[in-house]
Amino acid sequence: MAQEDVRLSGTFLDSAGNGISGKTVKLFAEGTVTSYVDEDETDSAGEWDFTRATPGRYDVQLVNGTQTYRVLSR
């Protein structure tokens with residue numbers, strides 16, 4: 001049986017509920033802070049999307065100005 005790709009997606013919103021657009025989102029192997037494995041840019045709605053052929057656990061990071069937001073896999 002062929003292995004399916006893993007899809008990770010989400011949306012970054014500001015405190016007013018508006019999408020944070022045009023920001024780089026990086027995908028890291030779980031627990032790492034260097035050497036990201038993929039990157040995407042948020043669209044006008046703040047949405048990002050990664051498709052990986054390698055199953056695993058990943059952390060997602062967005063930098064918006066001086067603020068860094070990181071979503072940890074758990």
Side-chain angles (χ1 to χ4, degrees):
M1 177 180 279
Q3 182 174 323
E4 292 185 27
D5 290 345
V6 175
R7 182 170 181 213
L8 303 167
S9 61
T11 306
F12 281 107
L13 304 173
D14 64 18
S15 60
N18 300 308
I20 300 173
S21 65
K23 301 300 178 185
T24 300
V25 180
K26 294 184 177 179
L27 185 69
F28 293 84
E30 180 184 29
T32 63
V33 294
T34 59
S35 301
Y36 60 91
V37 296
D38 204 353
E39 69 180 359
D40 191 23
E41 185 172 303
T42 57
D43 66 13
S44 61
E47 296 178 357
W48 52 269
D49 184 30
F50 296 107
T51 300
R52 302 289 304 161
T54 307
R57 295 173 65 105
Y58 297 95
D59 298 339
V60 177
Q61 178 176 292
L62 171 91
V63 177
N64 185 21
T66 60
Q67 299 292 317
T68 299
Y69 303 92
R70 193 160 180 117
V71 179
L72 304 176
S73 66
R74 294 280 181 234

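Worth knowing before you read on, the calculation uses all heavy atoms, side chains too, and leaves out hydrogens, waters and symmetry mates. The structure presented is a predicted model; accordingly, all values stated were derived computationally and were not measured.
- In this structure, Asp43 CG and Lys23 NZ are separated by 14.0 Å, a value rounded to the nearest 0.5 Å.
- A distance-only check finds a donor-acceptor pair linking the side chain of Asp40 to the backbone of Asp49 [under 3.5 Å].
- The main-chain N or O of Ile20 is found under 3.5 Å from a side-chain atom of Thr42 such that the two form a donor-acceptor pair.
- Taking the six-membered ring where the residue is Trp, Tyr69 and Phe12 present tilted rings, their angle falling between 30° and 60°.
- Counting heavy atoms from C-beta on, the side chains of Val37 and Tyr58 come closer than 4.5 Å.
- At a threshold of 4.0 Å, the pair Asp59-Arg70 counts as salt-bridged, since one of the basic side-chain nitrogens sits closer than that to a carboxylate oxygen.
- The minimum heavy-atom distance linking Ser21 with Ser44 is given by the pair CB-CA, 3.7 Å.
- Contact check on Arg52 versus Asp5 returns no salt bridge, with no Lys/Arg side-chain nitrogen under 4.0 Å from an Asp/Glu carboxylate oxygen.
- In this structure, the separation between CH2 on Trp48 and OG on Ser9 is 6.0 Å, given to the nearest 0.5 Å.
- Leu27 and Val71 end up in the same hydrophobic cluster when Ile, Leu, Val, Met, Phe, Trp and Tyr side chains are linked at under 4.5 Å.
- Thr24 and Glu39 share no side-chain donor-acceptor pair at under 3.5 Å.
- Distance check: Leu62 CG to Thr68 OG1 gives 8.0 Å after rounding to the nearest 0.5 Å.
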(request) Carefully, step by step, assess Thr51 and Val6 under the rule side-chain contact (heavy atoms from CB on, under 4.5 Å). (result) CA-CA 6 Å; Thr51 300; Val6 175; over 6 Å; no
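- The backbone N or O of Gly17 sits less than 3.5 Å from a side-chain atom of Asp14, completing a donor-acceptor pair.
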